[in-house]
2 protein chains.
Amino acid sequence: MSASPAKHDVFQAIADPTRRKLLELLSEQEMAVTTISSHFPISRTAVSKHLRILSEAGLVKEQKIGRETRYRMQPEPLRELQSWLAYYERFWENKLHALKRLVEGEASSNDQLSGPRLAPDNHRSTTKQS
Amino acid sequence: MSASPAKHDVFQAIADPTRRKLLELLSEQEMAVTTISSHFPISRTAVSKHLRILSEAGLVKEQKIGRETRYRMQPEPLRELQSWLAYYERFWENKLHALKRLVEGEASSNDQLSGPRLAPDNHRSTTKQS
DNA sequence: TTGACGCGCAACCATTTGGTTTCATATACT
DNA sequence: AGTATATGAAACCAAATGGTTGCGCGTCAA
């Protein structure tokens, strides 16, 4: 895994409200670009750019079918968000936390409620200080 | 509830890696600005700006003590993220989903696993199309 | 084969973002 | 009083963002 410049990460991708709407729309069904953009007040090109950002973050996947490009949602990257969030849940959860983690154990794999809960941002965290 | 222009929301606030680090740091203990910025390679002023953005999103709270300003983390706004994410969990969860939701029920209040799961972005979603 | 459709790309633009440096002010120390 | 510390505010900057319009190209349908 040395490739993938990954210019945009999940956090950035979902920061924009239009992009969240896009994701929501695509979660219901896959769609072609023009169809998608008919749901938004901005130009098709603008929508297309947003889609590319989502794509770079791995949140959508495109598939060319004839002259159209279908986009479908790809939820996996959201797990990163989830695990980031998991760290902070302890600040408002207290009661049934342990049980929940236990139940959920099968999902995260590296989330074993074992040690002192490592830091959240150790994900890829380029921390690009420009 | 007519006040609070809330220029920055949670999604935007956590989009920046530095801000996430900031949050992580402050989750351990409250700290004054200069102390905080000693942990970062950027200027104190820059850190201060990030703190203000976090503050606008409600993720940190400041308290003036003499000549210094202490910042502490405020996890509540992350619930919005959590509930946003909850919508998408159904796309990768399937097995123990119901149980988990049930266990967690006491935390979310509007998250009763009842109806057809309303749309995620209905939160405040200014959807500011600039 | 001639359009019409679907889409990406390039160029351009205004605004926002993440930084910096400098300055002003309030508080603490001696 | 005079100095050092802590922080915010202002002005400025380069780069990133979110948009737009126009163009070119592949694909589908007459």
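The shown structure was predicted, so the numbers you read here are calculated from the model rather than taken from an experiment. In what follows, chains carry the letters A, B, and so on, assigned in the order in which the sequence lines appear, proteins first and then strands, with residues in each chain numbered from 1.
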Nearest-angstrom distance from the residue atom [atom1] of [X] to [atom2] of [N]:
| X | N | atom1 | atom2 | result |
| --- | --- | --- | --- | --- |
| B/Ile42 | C/dT17 | CD1 | P | 16 Å |
| B/Phe11 | D/dG18 | CZ | P | 15 Å |
| B/Asp16 | D/dA16 | CG | C1' | 12 Å |
| B/Ile53 | D/dG8 | CD1 | C1' | 15 Å |
| A/Asp9 | D/dA16 | CG | P | 15 Å |
| A/Leu51 | D/dT17 | CG | C1' | 16 Å |
| B/Glu56 | C/dG18 | CD | C1' | 14 Å |
| B/Met31 | D/dT7 | CE | C1' | 17 Å |

Verify the contact: side-chain N or O of [X] to OP1 or OP2 of [N], cut-off strictly under 4.0 Å; return yes or no.
| X | N | answer |
| --- | --- | --- |
| B/His50 | C/dT17 | no |
| A/His8 | D/dA16 | no |
| B/Ser43 | C/dT20 | yes |
| A/Gln12 | D/dA16 | no |

Need to verify one output field. Residue with the more 5' nearest nucleotide on DNA chain D, A/Val47 or A/Ile65? A/Val47
Lys/Arg-Asp/Glu bridge criterion (N-O < 4.0 Å) met for A/Glu24, A/Arg20: no
Sequence neighbours left out, what pairs pass salt bridge (Lys or Arg N to Asp or Glu O under 4.0 Å) with at least one residue falling in residues 28-42 of chain A? A/Glu30-A/Arg70, A/Glu30-A/Arg72
What does the list of N/O pairs under 3.5 Å between the protein and nucleotides 5-11 of chain C look like, with a distance for each?
{"unit_1": "C/dC5", "atom_1": "O4'", "unit_2": "A/Arg67", "atom_2": "NH1", "d": "3.3"}
{"unit_1": "C/dC5", "atom_1": "O2", "unit_2": "A/Arg67", "atom_2": "NH1", "d": "3.2"}
{"unit_1": "C/dC7", "atom_1": "OP1", "unit_2": "A/Val33", "atom_2": "N", "d": "3.2"}
{"unit_1": "C/dC7", "atom_1": "OP1", "unit_2": "A/Thr69", "atom_2": "N", "d": "3.0"}
{"unit_1": "C/dC7", "atom_1": "OP2", "unit_2": "A/Thr34", "atom_2": "N", "d": "2.6"}
{"unit_1": "C/dC7", "atom_1": "OP2", "unit_2": "A/Thr34", "atom_2": "OG1", "d": "2.2"}
{"unit_1": "C/dG8", "atom_1": "OP1", "unit_2": "A/Tyr71", "atom_2": "OH", "d": "3.4"}
{"unit_1": "C/dG8", "atom_1": "OP2", "unit_2": "A/Ser48", "atom_2": "OG", "d": "2.5"}
{"unit_1": "C/dG8", "atom_1": "N7", "unit_2": "A/Arg44", "atom_2": "NH2", "d": "2.4"}
{"unit_1": "C/dG8", "atom_1": "O6", "unit_2": "A/Arg44", "atom_2": "NH2", "d": "3.2"}

Shared hydrophobic cluster for A/Ile53 and A/Val10 (ILVMFWY, side-chain gaps under 4.5 Å): no
Using side chain to side chain donor-acceptor pair (under 3.5 Å) as the criterion, list what pairs up with B/Glu76, not counting sequence neighbours. none
Would you call the rings of B/Trp84 and B/Tyr88 parallel, tilted or perpendicular, taking 30° and 60° as the class edges? tilted
Qualifying side-chain hydrogen bond (donor to acceptor under 3.5 Å, both in side chains) pairs, either residue in residues 31-50 of chain B, two or more places apart: B/Arg19-B/His50
Show the nearest heavy-atom pair for residues B/Ala15 and A/Phe11, with the distance to one decimal. CB-O, 3.8 Å
